Amino acid sequence: MLDARLLRQSPDMYRESLVRRSEPQETHDMFERFLVVDVAWREATQQTEVLKARRNAVSQQVAQYKRTGEDASLLIEEMRVVGEQIKELDDHLRSLDDEMTDILLRLPNIVHESVPQGRDESENVPIREIGEPRTFSFEPKPHWDLGVDLGIVDFERAAKVTGSRFVFYMGLGARLERALMNFMLDVQTTERGYTEVWPPYLVNQASMVGTGNLPKFEDDVFKIREFDYYLIPTAEVPVTNLHRDEILSAEQLPVNYAGYSAAFRSEAGASGRDTRGLIRVHQFNKVELVKFVAPETSYDELERILADAEVILQKLELPYRLIEICTGDLGFKECKKYDLEVWLPAAGMYREISSCTNFEDFQARRSNIRFRRTEKARPEFVHTLNGSGLAVGRTVAAILENYQEADGSVSIPSVLQPYMGGLTRIAAPDKR
RNA sequence: GGAGUGAUGGCCGAGUUGGUCGAAGGCGCUCGCCUGCUAAGCGAGUAUACGCUUUAAAGGCGUAUCGAGGGUUCGAAUCCCUCUCACUCCGCCA
C-alpha cells in the first residue's frame with residue numbers, strides 16, 4: 001500500500017511510475033479516481049468532525065444539567081437531529097473510505113529510479129553469468145526423464161492421487177529434496193546470519209493482504225473453502241506477517257529470517273507452460289529469506305540478500321546468471337528485483353530459481369510493521385525484502401540435469417554428499 | 001464439537017446502577033532537583049492514527065481508538081448482537 005499523502009502531494013511522480021511500468025489504462029483510471037475520492041473524503045471528514053465536536057460539547061452540557069437538575073430536553077432534542085446528520089455523513093464517509101482503501105490496495109508500488117526501463121520480460125537486463133555450462137559428450141536428458149528413469153520422482157501416481165502438476169519424490173529423490181532443504185538452511189543460519197523459521201502453511205486473509213497477495217491475485221492462490229484460510233504461495237507471507245502490527249526497536253534491525261515451507265500455487269493461466277517436470281508445480285518446497293530493515297539500508301540489504309541466495313548456487317556449483325528485472329516486468333508490489341536463473345542443459349536455457357526483491361515500505365504499510373529509532377522517536381515503517389534461497393524443486397531439477405552422466409546416473413554435488421550419507425551418485429535401480 | 005471465564009495504555013491493574021474517563025493507582029522509561037558512590041527520595045513528563053491549521057521543525061484545534069465489527073442512546077470502556085483470540089472443564093484426536 002502506498003502513502004495516501006504522498007500520492008496526493010506528488011500525483012505526477014506516481015503517474016510517471018505507472019507509465020514506466022507499462023500499466024494498463026485501467027490502473028491510471030483507478031489512480032485518478034483515487035484523487036477525486038480523496039478530496040471528497042477529506043471534505044466529508046471535516047463536516048462530520050465539526051458535528052461530532054458539537055455533539056461532544058453538548059453532551060457535556062447535558063451531563064451538567066442532569067447533575068444540577070436543570071431541564072436538558074431542548075438540548076437533547078437538538079442533538080437528536082445532529083445525531084441523524086452524523087449518521088448519514090458517517091455512512092457516506094465509510095463508503096468513500098472503503099473505495100479509497102480498495103484502490104490503495106490495488107495500486108502497484110513505485111518503481112525505484114535505478115530500475116532499467118523496459119516494456120516486458122524480453123527487456124530484462126542480464127548482469128553477469130557465473131559458472132561455465134558444462135559441455136556434454138552426449139545429449140543431456142531433461143530432468144523429468146532422468147528422474148522417472150532413476151525411479152526418484154513419480155508424476156503419474158501424483159496425478160492419480162491428487163492431480164496434474166503434483167509430484168511424488170521417492171527414495172533418493174525424496175532424500176535429495178530433504179538434503180537440499182537442510183543444506184540451504186544450514187548455510188543461511190550458520191554462515192549468513194539468518195534465524196530459522198518454520199511457519200504455518202495456512203494464513204488468514206489479513207496476512208495475504210499484508211504481503212500484497214490479495215486482493216489483486218485471488219486467482220493465484222488456493223483458498224480453503226470453509227475457513228478464512230489460504231494456502232501460502234510462499235513462506236514470505238507468514239514470515240513477513242510475523243511482525244504485523246508490531247513496533248520493532250532500532251537495535252533489532254536488520255531482522256533476518258530464513259523460513260522454509262511448502263509453497264502452493266494455483267498456477268492459474270499457466271496451462272500449457274512447463275507442463276512437464278518440476279519447474280512449475282502446485283506444491284514445492286522453498287527456503288525463503290526475509291528481511292526487516294531500516295529504510296536507508298534497504299538497497300544495500302537487497303545486494304546482501306542477493307549474495308546470500310547466490311552462495312547456494314555457487315556451493316552447489318550450478319551455472320547461473322543474474323538478471324535485473326526491467327520496469328515493465330516488475331511485479332505489483334516490487335520496487336526493484338533481481339532474478340537468479342539456473343542453467344538447464346536439456347533445454348539449453350536459464351530458468352528462474354530465485355527472486356530477490358526490495359518492497360521498501362509497501363508491505364510494511366499494509367501490515368503495519370514499524371520501528372523506533374530511539375525509545376522516544378515516533379514509529380516509522382520498516383522496509384521489507386525477500387529472496388528465495390532457493391526453490392528446492394527447481395534446484396533438484398538443475399542438479400539432475402547438470403550432474404547427469406552418460407549412463408543416466410546423476411552424481412551428487414560434493415557439498416551435498418554429507419547430507420546424503422556420503423553417497424556420491426544416484427544410479428538406476430538395476431545399476432546400483 | 002459442548003459448557004464456562006476473560007480481553008483496558010510499554011507492563012501490571014482500577015473502572016460494569018451509561019455522563020466530569022484518553023481513562024485512577026502502581027511499575028517501567030525520560031528530564032530536572034537532591035546525593036561522596038550506589039540505593040532511596042522529591043518534582044515534571046510519558047499512546048497512536050487521521051483531518052484542519054499550512055508547519056522548516058515545534059505547536060495549536062478537532063475527530064477516532066478501552067480485542068474487532070455492528071447496534072441502542074442526546075451521550076458507551078460501561079447496555080445489546082456478531083466475530084476473533086486466550087484460559088478452564090468435557091468430548092475427539094496425531
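Just so it is clear: chains get the letters A, B, ... in the order the sequence lines come, proteins before strands, and each one is counted from 1. All heavy atoms count here, side chains included; hydrogens, waters and symmetry mates do not. Remember, it's a predicted structure, so these values are computed and weren't measured experimentally.
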Sticking with atom C1', work out how far B:U82 lies from B:G26, rounded to a whole angstrom.
36 Å
Mind checking the P distance from B:G25 to B:A14? Whole angstroms is fine.
15 Å
Which whole-number value in Å describes the distance from A:L89 CG to B:U63 P?
15 Å
Rounded to whole Å, the CG-P distance (A:D97 to B:G70) equals 11 Å
Regarding A:K333 and A:N109, do their side chains bring together a donor and an acceptor under 3.5 Å, going by distance alone?
no
Quick one: sort the A:F222 and A:H282 rings into parallel, tilted or perpendicular, breaks at 30° and 60°.
perpendicular
Need the pair for B:U38. Rule: Watson-Crick or G-U wobble, both distances under 3.5 Å, any strand; none if unpaired.
none
With a 3.5 Å cut-off and no angle check, do the side chains of A:Y230 and A:N213 form a donor-acceptor pair?
no
From the list B:C74, B:C85, B:G62, which nucleotide is the closest neighbour of the side chain of A:A53?
B:G62
Give none if B:A68 has no partner; otherwise give the nucleotide forming a Watson-Crick or G-U wobble pair with it, both distances under 3.5 Å.
B:U82
Looking only at atom C1', what distance separates B:A77 and B:U16, rounded to whole Å?
9 Å
Under 4.0 Å, counting only non-hydrogen atoms across every strand here, what does A:V58 touch: a base, just sugar-phosphate, or nothing?
nothing
Can you confirm whether the side chains of A:E360 and A:Y299 place a donor and an acceptor under 3.5 Å from each other?
yes
Whole angstrom is fine here: how far is it from CG in A:D38 over to P in B:C50?
13 Å
Complement of B:G91, any strand, by Watson-Crick or G-U distances under 3.5 angstrom
none
Whom does B:A44 pair with, Watson-Crick or G-U wobble, provided both distances fall under 3.5 Å?
B:U30
Report the distance from atom CG of A:D90 to atom C1' of B:G70, rounded to the nearest whole Å.
13 Å
When rounded to the nearest Å, what value does the distance between C1' atoms of B:C12 and B:C29 take?
15 Å
When all nucleic acid strands are considered with a 4.0 Å heavy-atom cut-off, which category describes A:K66: base, sugar-phosphate, or nothing?
base
For RNA chain B, whose closest nucleotide is more 5', that of A:R370 or that of A:L75?
A:R370
With the side chain of A:E49 defined as its heavy atoms from C-beta on, choose the nearest nucleotide among B:C74, B:G62, B:U48.
B:G62
Distance between P atoms of B:A39 and B:U30 (Å, rounded):
12 Å
When you match A:Q60 and A:K52 each to their closest nucleotide on RNA chain B, which lands nearer the 5' end?
A:Q60
For the side chain of A:Y229, counting heavy atoms from C-beta on, which of B:C52, B:U48, B:C85 is nearest?
B:C85
Indicate yes or no: at least one non-hydrogen side-chain atom of A:W144 is less than 4.5 angstrom from one of A:V167.
no
Roughly how many Å is it from CD1 in A:I247 to P in B:G10, rounded to a whole number?
8 Å
So, A:Y403 and A:E317: side-chain donor and acceptor under 3.5 Å apart, yes or no?
no
Round to a whole Å and report the spacing from CZ of A:R372 to P of B:U30.
14 Å
Rounded to whole Å, how long is the line connecting atom CD1 of A:I86 with atom C1' of B:G70?
17 Å
Base-pairing assignment for B:A23 (Watson-Crick or G-U wobble, both under 3.5 Å)
none
Side-chain N or O of A:R80 versus OP1/OP2 of B:C74: is the shortest distance under 4.0 Å?
yes
Pairing check on B:A76: which nucleotide meets the Watson-Crick or G-U wobble criteria with it, both distances under 3.5 Å?
none
Partner of B:G51 by Watson-Crick or G-U wobble geometry, both contacts under 3.5 Å, or none?
B:C61
If we take the P atom in both B:A23 and B:U46, what is their distance in whole Å?
11 Å
In whole angstrom, give me the gap between the C1' atoms of B:U8 and B:C85.
16 Å
Is there a side-chain polar atom (N or O) of A:R5 under 4.0 Å from OP1 or OP2 of B:C52?
no
Does A:K87 have a side-chain nitrogen or oxygen under 4.0 Å from the phosphate oxygens OP1 or OP2 of B:C74?
no
Can you measure A:Q64 atom CD to B:G19 atom C1' for me and round it to whole angstrom units?
11 Å
Tell me the partner of B:U16, counting only Watson-Crick (N1-N3 plus N6-O4 or O6-N4) or G-U wobble (N1-O2 and O6-N3) with both under 3.5 Å; none if nothing fits.
none
Going by atom types only, do A:N204 and A:S207 share a side-chain donor-acceptor pair under 3.5 Å?
yes
Between B:G19 and B:C79, how far apart are the two P atoms, rounded to whole Å?
11 Å
Does either side chain, that of A:Q117 or that of A:T327, offer a donor lying less than 3.5 Å from an acceptor on the other one?
yes
Look at the side chain of A:R94 and decide which nucleotide, out of B:C74, B:G70, B:C52, has an atom nearest to it.
B:G70
Side-chain N or O of A:N56 closer than 4.0 Å to phosphate OP1/OP2 of B:C74
no
